[in-house]
Amino acid sequence: MLAVMKNTFAVFKTNKEFIMTIVFQPVLLFLLMSVLLPYTKEHSIGVCNESSYESSEYIVDSLNGLDGVRVEEVKKKDLNDKLMNSNIEVAVVIMDNPETNSPVAQVITVGGSEIETAVEAVVMGTNLDKVSDNDIVHVNKVKKKGINISTTLAFMIFKTLTSAMLLGNLIIEERRNKIRDRIFLSGISKGAYLAGMSSVYFLSLAFGTTLFFVIGHLFNFDFGMKYTVGYLIMMWLADLLAVAISLCASALVKTEDSLWVFGSFIIMPMALFSGLLFPYEFMPKSLKMIGACFPNRWIAKGIEIMQRTGGLVEAVPYMLMLLALCIVLFAIATVKTKRVSQS
Amino acid sequence: MFFELMKKELKVYFSNKVNWAFVVVIPLLFIGLFSVALKDYIGADYGTFDDGKEFYYLNVEDGKYVDRLNVIIERLTESTGVCFERVYDIEQAKKDVEKSKAYGVITVNADGYDYYRSPYNETEGGKLIRTMFVEMAQNEIENIKNYPIVVSNNIEVKVSDVDSYAYYTFTALAFTLMMLSVGVSLSIYDEREHQTIIRYRISKGGIWGMLGLKIVVGMIAGALQLLISFTFSTVVLGVKWGDKIGWMLLLLLLHNTFAILMAIVLGLKGKNKAISQDMVFLITMLSAYLGGSVTPVYLLENIPVLKLLVKISPLYWTNQALISLYNDILDKKTLYSALISIGLAFIMFLLIAVGEKKKHVVMIVKETDDKKDKKEEVAA
């Protein structure tokens with residue numbers, strides 16, 4: 001097995017593109033996607049202050065003080081476009097009311113918004129005299145967080161699964177070029193051969209995952225959980241699953257082309273239904289039910305549970321499900337490889 | 001001769017089931033899935049306050065802060081639907097907040113309020129409720145109860161027709177057209193692997209004859225994908241392409257041409273088949289993300305750096321122009337989209353030409369060396 005591992009490392013050394021594709025490219029992509037995938041539940045409010053009263057600024061301050069919404073200043077001439085293009089969801093236009101000598105505000109939406117009444121409540125609750133009890137509310141301090149990893153999660157799982165396809169490619173190539181037969185002739189067992197190659201791939205993938213985890217910590221990424229090591233464990237399981245799927249696929253298909261078909265028509269739909277291209281929570285019920293059957297979702301679900309409950313124990317069932325699936329896939333790959341070799 | 005070769009190419013392309021899947025299944029899957037899956041998201045219906053709960057704990061049974069809290073509870077429940085629950089064990093309540101059982105715990109003291117939120121996983125709804133509470137809690141009851149500001153809705157807003165069905169019909173279609181080029185890239189790599197490309201290079205038609213065939217086959221596949229997507233979106237999703245359909249088709253075909261040429265470049269340069277297809281796939285995915293084919297483009301435009309970064313994606317320009325044309329607006333966006341597709345296609349063409357010229361020079365040098373060797377052999 002050690003000899004196989006050394007040989008696989010040698011292949012990596014010869015063709016540096018392998019290391020790039022398995023280790024560094026995913027990490028770079030993960031980091032890039034952490035910024036590029038802005039799926040957020042943050043609502044956006046546009047404020048257009050046309051009032052000449054100083055007190056109108058208090059309304060703007062009240063809105064700016066809201067957490068969980070993005071507030072931007074908008075010119076009146078851009079209001080229509082911004083609302084139409086969904087750049088803003090709610091517009092608050094503040095004008096003069098000469099009758100009361102105070103500002104008045106209009107809350108505008110296109111087709112309604114779930115925060116419309118909340119915004120109205122904030123606008124209406126603004127104290128224009130600004131004689132208020134400051135410092136009577138003490139909120140516990142929370143460490144400021146950076147990029148949220150949740151938006152990238154499905155993409156990371158998908159990329160991990162596809163990166164490991166190179167393992168399948170290498171196995172098929174060695175089989176086609178009869179290199180594998182020579183390895184078997186040298187006395188190395190089929191199980192040791194598969195385990196050797198898999199472990200090198202797993203270590204490479206796990207190295208990339210750990211690297212992302214460390215960088216994430218350095219850049220203060222928001223893992224959304226108390227014990228972030230839980231995230232790392234789940235991602236290592238994703239690496240293991242990726243290796244197991246690739247190994248199994250290489251044993252089941254004959255050519256590299258078929259492996260590509262496998263990637264496109266099994267891994268891709270699996271990822272799609274698990275929230276790769278659109279957030280899982282916004283999917284209709286029927287699609288969610290399909291997604292829940294795939295291991296990609298088990299990984300994501302495990303992480304979500306840890307985020308929600310703050311503990312690791314609650315995610316153990318999903319970890320066990322993943323491990324069990326990996327064992328089944330490894331078993332299929334070994335049995336199938338033995339049969340093919342015997343025939 | 002050309003038509004014979006063309007027939008052969010088409011036969012090879014369409015005898016591959018994977019290519020059929022890319023032409024037929026992928027666009028239907030993407031357009032259908034995206035349209036349905038992101039329907040609520042496009043409408044910004046995030047369920048922000050769904051099942052929202054807030055705990056409160058009274059350290060004092062009465063007083064002005066208790067009265068004020070009661071008014072706030074009334075206002076917040078009315079405007080957000082969040083329910084408030086009194087708790088009697090503050091430590092347990094805090095633990096429950098960390099387990100996402102409530103947004104936070106408000107403790108009423110004799111001199112004000114304490115608000116406890118989860119240090120790890122405060123939701124967007126929780127953030128909103130907390131800040132609304134803080135804003136209201138600093139006011140006297142009269143200010144919370146009386147509405148000093150008139151709220152009415154008398155500004156007219158033109159409503160957009162672009163729902164998730166229309167949006168993803170165009171953006172997902174442009175994406176899948178680009179994805180189609182993976183097949184072209186693989187086919188070029190096959191020619192290299194089987195060394196038939198060398199035969200093309202020394203044949204009368206030359207390499208350009210072969211590349212021309214690949215481009216035409218890619219265009220035919222693209223046109224077929226367009227037809228299928230058009231029928232699906234019109235009949236099943238009820239999307240009306242409108243009067244500017246001619247412009248839309250032109251932009252999509254130009255985009256398709258660029259994608260095919262890009263795939264040819266990657267097919268010719270890739271060192272390994274898997275890596276070559278991975279590259280095409282990666283570029284396509286990145287362009288799609290940045291171009292708004294996956295994440296609605298307005299979300300990308302709301303982020304400072306991304307606002308500029310999206311513009312490097314050719315899909316961004318195509319999608320923007322298609323949405324404008326769908327809204328019956330023929331403006332600069334159409335011109336920009338066409339020019340960008342043509343410009344990028346031209347750059348790809350140049351890359352192929354330069355690469356082939358280098359190969360040609362190598363072949364001539366090799367040929368001259370061979371002749372020299374032969375002459376020397378004869379002389380010897």
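So you know, we letter chains A, B, ... as the sequences are listed, proteins then strands, and number each from 1.
Counting only distance, with no hydrogens or angles, the side chain of B:Ser79 and the backbone of A:Ala118 share no donor-acceptor pair below 3.5 Å. The closest donor-acceptor contact from the side chain of A:Asp67 to the backbone of B:Thr131 lies at 3.5 Å or more, if one exists at all. No donor-acceptor pair under 3.5 Å is formed between the side chain of B:Asp111 and the backbone N or O of A:Ile136.
Within 6.0 Å of NZ on A:Lys288 lie more than 12 heavy atoms contributed by other residues, nucleotides or ligands. Within a 6.0 Å radius of CD in B:Glu74, other residues, nucleotides and ligands contribute 12 heavy atoms or fewer.
Listed here is the closest heavy atom pair of A:Asp222 and B:Tyr120: OD1-O, 4.3 Å. Residue B:Glu135 comes nearest to A:Ser62 through the heavy atom pair OE2-OG, 3.0 Å, listed as atom of the first residue, atom of the second, then distance.
Contact annotation for B:Val182: only side-chain heavy atoms (C-beta onward) come within less than 4.5 Å of a heavy atom of chain A. For a residue to count as touching a neighbouring chain, one of its non-hydrogen atoms must lie under 4.5 Å from one of that chain's; by this rule B:Leu29 touches chain A with the side chain only. Contact of B:Ser118 with chain A is made through the backbone alone, with heavy-atom distances under 4.5 Å. For B:Leu186, the part lying under 4.5 angstrom from a heavy atom of chain A is the side chain only. Heavy atoms closer than 4.5 Å to chain A are found in the side chain of B:Leu282, but not in its backbone.
By number of non-hydrogen pairs under 4.5 angstrom with chain A, the leading residue of B:Pro119, B:Ala288, B:Gly112 is B:Pro119. Highest contact tally toward chain B, considering only A:Lys226, A:Lys141, A:Lys143, A:Gln307, is held by A:Lys226 [criterion: heavy-atom pairs under 4.5 Å].
At a threshold of 4.5 Å between non-hydrogen side-chain atoms, the residues A:Val142 and B:Arg117 count as touching. Taking 4.5 Å as the limit, every side-chain heavy atom of A:Met225 sits out of range of all side-chain heavy atoms of B:Asn121.
In this structure, the separation between CG on B:Leu128 and NE2 on A:His43 is 7.0 Å, given to the nearest 0.5 Å. Between B:Met285 atom CE and A:Lys159 atom NZ the span is 9.0 Å, to the nearest 0.5 Å.
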